[in-house]
Amino acid sequence: MLNQRTIAKKISVTGIGIHSGKKVTLNLNPAPADFGIQFKRTDLEGAEILVATAEKVGTTENNTTLGNGANSVHTVEHLLSVLYGIGINNVYCEIDGPEVPIMDGSGASFVFLLKETGVANLNKSKKFLVVLKTIKVEVGDKWVKIEPSSRLVIDSTIVFAHPLIKTQRKIFEFSCENFIEEISRARTFGLLRDVDHLKQKGLIKGGSLDNAVVLDDYKVLNPEGLRFADELIRHKILDTIGDISLLGYEIAGKITTYKSGHNLHNLLCRKLLQEEGAYEIVSSNALDRHILQTFELPQSLSPSFY
Ligand SMILES: [Zn+2]
């Protein structure tokens, strides 16, 4: 049996939101099996809990937001991606502001925190969403597709009219170890020419070279350069994993994305969940041992029993 996971103890992290620019404290608490990932705004009296599911997503402009109106939590995607990447299914997140801290713009800080807190196995089997039918969503020339595959594979392409980016494609075969090594450290990115426009819309108030890769028309402006030559496409995969983790299960399917963003990822999840016979939910016991092995964790994260 491959067990559901939570974190071994409560942990607290403080940082700023990239869009709001506001300081927030996020507490991650252990949670029981089948709890899922839930968020609670502790700064709003009596705020309803927001369960991290695709149907609870409000806006998807430049980030993925859970909830609507005042009771919402923005920019959940990097945290959710890391939780999925480490196979953590159950966490109760308390947050005293409107946005998950951006940290360094990647998932690296959350991986580091989870190494500190430790991972714990719960005495219940993980559940997998096995894709049975191909589902595609298109908006203009952008599209995403999910199709049957024994394990999670993401084949991602981005296209930017920029000499350093142009077209980048990466095929990522999911395992916790590959996620930590290849994906978790890739930072969010933006083009300098879009910055003014986004600031006018009240976005990226907290954005800086400390939490994003920024490119002018020719080069990367960050003095330290890129962490990987193809850091940007790796970040797209980080975002994709965070967004599709909102399906609420481990995923056995292949996802192909072309110029996608949070909106398309969410539309894909919703369409898949609504389509009759497009998927089935199975216990980890029903799956091949090789698939389960992809959830093995490196020594630094190896789980204790809760
Ligand atoms: Zn991102």
Side-chain angles (χ1 to χ4, degrees), residues 13 15-21 24 26 37 39 52 54 57-66 72-86 93 95 98-113 142 144 154 156-160 162 165 168-170 172 174 179-180 182-192 194-195 197-199 201 203-215 220 222 226-228 230-246 255 257-269:
V13 52
I16 61 158
I18 192 168
H19 294 298
S20 61
V24 278
L26 170 70
I37 312 295
F39 288 83
V57 170
T59 64
T60 48
E61 194 179 15
N62 294 96
N63 74 89
T64 295
T65 296
L66 288 175
S72 50
V73 179
H74 300 271
T75 322
V76 293
E77 62 270 17
H78 302 162
L79 173 65
L80 292 182
S81 188
V82 169
L83 293 175
Y84 186 95
I86 295 177
C93 310
I95 187 161
E99 193 176 9
V100 173
I102 189 65
M103 313 309 287
D104 71 348
S106 78
S109 306
F110 297 124
V111 172
F112 177 80
L113 280 168
K142 304 169 180 182
V144 293
I154 297 177
S156 193
T157 301
I158 55 173
V159 181
F160 281 88
H162 188 285
I165 313 175
Q168 288 186 10
R169 180 181 179 198
K170 184 173 172 67
F172 175 70
F174 179 84
F179 176 86
I180 294 163
E182 297 177 23
I183 303 299
S184 69
R185 294 173 55 240
R187 290 165 296 173
T188 192
F189 60 94
L191 303 182
L192 191 60
D194 296 334
V195 165
H197 173 68
L198 291 170
K199 287 206 163 156
K201 288 168 89 175
L203 295 166
I204 63 163
K205 284 182 195 151
S208 76
L209 295 179
D210 293 332
N211 53 36
V213 175
V214 182
L215 299 100
V220 172
N222 304 60
L226 294 173
R227 292 178 178 173
F228 305 94
D230 60 351
E231 184 169 1
L232 310 189
I233 185 72
R234 289 175 193 244
H235 187 79
K236 182 60 72 178
I237 293 171
L238 180 82
D239 280 344
T240 306
I241 292 172
D243 288 342
I244 55 134
S245 76
L246 290 162
I255 297 166
T257 76
Y258 182 77
K259 298 172 76 171
S260 69
H262 303 299
N263 178 43
L264 273 178
H265 302 157
N266 188 246
L267 289 173
L268 182 72
C269 291

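Just so you know, ligand 1 is whichever comes first in the structure, and atom 1 is the first atom listed for that ligand.
- The distance from the CG atom of Leu80 to the OG atom of Ser245 is 4.5 Å, given to the nearest 0.5 Å.
- For Asn211 (side chain) and Ser208 (main-chain N/O), a donor-acceptor pair under 3.5 Å exists by modelled atom type.
- The OG1 atom of Thr59 sits 9.5 Å away from the CG atom of Leu66 when rounded to the nearest 0.5 Å.
- Looking only at distances, a side-chain donor or acceptor of Arg234 sits under 3.5 Å from a matching main-chain atom of Glu182.
- Rounded to the nearest 0.5 Å, atoms CE (Met103) and OG1 (Thr188) are 14.5 Å apart.
- Each protein N/O/S atom under 2.8 Å from the Zn ion (ligand 1) was counted, for a total of 4.
- Put simply, CD1 on Ile233 and CZ on Phe172 are 12.5 Å apart, with the number rounded to the nearest 0.5 Å.
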